[in-house]
Amino acid sequence: MKITRKDFLRISGLSLLAAGCKRAAESVSQPASSVRAASTQPVRWGMVIDLSKCREKDGCNACIHACNAAHNIPQIANHAHEVKWIWTEPDATVFPSAQTDFAPQTVTETKVPLLCNHCANPPCTRVCPTQATWKRDDGIVMMDWHRCIGCRYCVAACPYGSRSFNFEDPRPSIESINPDFPTRTKGVVEKCNFCEERLARGLKPACVDACPQRVFTFGNLADPESEPRQLLRERFAVQREPELGTGPSVFYLV
Amino acid sequence: MKITRKDFLRISGLSLLAAGCKRAAESVSQPASSVRAASTQPVRWGMVIDLSKCREKDGCNACIHACNAAHNIPQIANHAHEVKWIWTEPDATVFPSAQTDFAPQTVTETKVPLLCNHCANPPCTRVCPTQATWKRDDGIVMMDWHRCIGCRYCVAACPYGSRSFNFEDPRPSIESINPDFPTRTKGVVEKCNFCEERLARGLKPACVDACPQRVFTFGNLADPESEPRQLLRERFAVQREPELGTGPSVFYLV
Amino acid sequence: MRDRVWIFAGLAFFVAALTCPAWYAVANGKASNKSKPPNLELPANQKECVAPAGTMRAAHMQMLIQWREDVVRHGDRRFVAFNGKVYEKSLTRTCLGCHNKEQFCDRCHAYSGVSDPYCWNCHNDPQTVAGSRTRSTP
Amino acid sequence: MRDRVWIFAGLAFFVAALTCPAWYAVANGKASNKSKPPNLELPANQKECVAPAGTMRAAHMQMLIQWREDVVRHGDRRFVAFNGKVYEKSLTRTCLGCHNKEQFCDRCHAYSGVSDPYCWNCHNDPQTVAGSRTRSTP
């Protein structure tokens, strides 16, 4: 069969048109389906901290030791150079508005575990000039130490003091290095990553697993049936400085 | 016996000195003893409101009706002229900082009873130009309607909206006048007096006695063994906007 | 000395102008009412007041202001009378507990020309209020 | 034409100056080492890498940067190799799980003159760290 020049052009044109339509259809349908998948299974990692349980074993600090070991947190004697991912402060300091003059000392003076709030609207990520810190789709406020230039804008932006700067090489101040997790280097900012590296392996954060009192309840805040959501339905919870509009993902049962 | 001029002067001088000493001794000892009496039995009236009990019977309003009847509170249709001593607002409005996104609607939408906080440091009394409102020794922030000139400085100063101004004669708007308590007149400010007139007769405030759920616990905050102090020791309580430093005497169990 | 007539005429007019309300009252027969005391209804159940009648007549207003200061500003509600009896410092409960406002207070106040003191802008007459209460709840 | 001598002398000097490091190395016997590859210790327990040896030799740095982006910024830790095998994208766990940093990486980097990339400012060599750990906890 011999095709004329006119037929050839007609067939080529139709083929090109068909191929173009297919790509257009794909590019339209693909984001739509991925959006749909995300809305059926959205994730927002969050944590509920039961202070009444924590109070029962004041001064325990098992959560802090577990985090320090897992993430190679240096123990620096110079307080100005301190690096911390999870730490404690007295209840009266953390929740000044939730204090009455007549609360017992056992409540006001106990130490409250503090960590990055992994805010819904994190002020720290907005100010980062290199996008070295950003909010993941699962709500974790993440850091890319490869990109951090040490400007410390994020340190200034965080209202919770959750970020630390490496003023010196941390390695000499780490008693025992965990090879599975990188240390940081002089000149970068660091903070709690909600044990993102453990979540990827299906584990819960190190502090959650280490606590002998089961003070920490970790789970998906976007799932109404998750453990933290159940606790938040049943009991009265507070966030740190919610009036700032940061939307912390860490809740405290008083 | 004849006394010389010298003897006369000597006796008169000594008598005057003795009389002076007696008065001085009296003036020193009297305030000291009254101060001592006050420090052994100090009183600071306060109230603890158990919101969990109140929530069980949402929309009850027995406390409000009791107060309205006891104190001749007018029911004025014009909202701008409203007069109120005890009223309710939704939990989410009263305690915006104590809300989490994940608290149940039954908590955030229930009505919270509000009244004058009888603050330890009341801003309203500081601004009153005629001392028509002042803080009594027992902590009650009191009003003397005889002195009020209607300047409404106190209305502006109160951060809790606890004060109402009589824009019109209240009597036509009072269904049934209680003769034992004065109505107010056009041009004066009024507010909750912690049922000072009932306390004087050994009764508890009208709202406390009227509540079928026993939501209100009234007592002496200065006494560590009083009912409200016991509750504040055992349970977590919040005050309205404590960061303002007013020191409210009304506490809410969440 | 020739101005004497004018001077005395002026003085006479001045005195007449000054005293004209009294002449006017005499002409209308009010002064004659004033001379006889008002018909006051005394309490049936009590024989003596918190102070002797003369003191009350002359100084009940000072006493009420003193009671007001004591009760409102000092929380002091206990009044020990001249005869040792103890009363509550209360216009409504103590004074109006015996006296009928309309038949006693108001009549004398009207007689003395000091009717409607603004006490009653806020304080209530139990009898009037009881009437209004009955009317308002049929 | 009479400048020809100077021109060629100048050119000869320029070429000599340009090539002098090479001559210097030959004189010191280094170039002879360079010609024979470094003595790399290959993993004992594995026969094949995540990509053919040639690809790894030429482009392991690009692959590591890609892995870094995938893991840190996209949470994507799963690497499907050319032969269908699945690996974790991890310098410490996957690369150093087989290779000995000192005997493999460092030797070749030293041979190529690109020693001490700043990966190791933060990332740890499990064997070195295990040594330090043993020392720090006697």
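Numbered from 1 within each chain, the chains take letters A, B, ... in sequence-line order.
Heavy atoms of other residues, nucleotides or ligands lying less than 6.0 angstrom from CG of B/Asp137 number 12 at most. Other residues, nucleotides and ligands place more than 12 heavy atoms under 6.0 Å from the CD atom of C/Glu69. Within a 6.0 Å radius of CG in B/Asn78, more than 12 heavy atoms belonging to other residues, nucleotides or ligands are found. Annotation for B/Gln131: atom CD does not count as buried by contact number, only 12 or fewer foreign heavy atoms lying within 6.0 Å. Applying the 6.0 Å contact sphere to CZ of C/Arg78 captures no more than 12 heavy atoms from other residues, nucleotides or ligands. Open room surrounds OH on B/Tyr153; 12 or fewer heavy atoms of other groups in view lie less than 6.0 Å from it. In the displayed structure, C/Glu48 atom CD is contacted under 6.0 Å by more than 12 heavy atoms of other residues, nucleotides or ligands. Counting non-hydrogen atoms of neighbouring residues, nucleotides and ligands closer than 6.0 angstrom, the CZ atom of C/Arg57 reaches no more than 12 such neighbours.
Most heavy-atom pairs under 4.5 Å with chain B: of the set C/His123, C/His74, C/Arg68, this distinction falls to C/Arg68. The candidate from B/His146, B/Lys186, B/Arg184 with the greatest count of non-hydrogen atom pairs under 4.5 Å with chain C is B/His146.
Only the side chain of B/Asn72 comes within less than 4.5 Å of a heavy atom of chain C; its backbone N, CA, C and O stay farther away. Of the atoms belonging to B/Trp145, not a single heavy atom falls under 4.5 Å from chain C.
To the nearest 0.5 Å, the span separating OG1 on C/Thr128 from CD1 on B/Ile177 amounts to 9.5 Å.
Residues of residues 6-15 of chain C never come within less than 4.5 angstrom of chain B, heavy atom to heavy atom. Contact residues of residues 84-97 of chain C toward chain B are C/Glu88, C/Thr92, C/Arg93 (heavy-atom distance under 4.5 Å).
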Inset, instruction - Would you sort out whether B/Arg171 and C/Asn124 count as a side chain to side chain contact (heavy atoms under 4.5 Å, CB included), showing the intermediate values? - result: CA-CA 10 Å; B/Arg171 280 190 173 156; C/Asn124 302 296; 3.1 Å; yes
Inset, instruction - List the steps and the verdict of side chain to side chain contact (heavy atoms under 4.5 Å, CB included) for C/Arg73 and B/Arg147. - result: CA-CA 11 Å; C/Arg73 301 202 75 88; B/Arg147 281 211 201 178; 3.4 Å; yes
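Scanning both residues, C/Pro126 and B/Pro179, for their nearest heavy atoms gives CA-CB, 3.8 Å.
The existence of a salt bridge linking C/Arg77 and B/Glu196 is confirmed by a sub-4.0 Å separation between a basic side-chain nitrogen and an acidic carboxylate oxygen.
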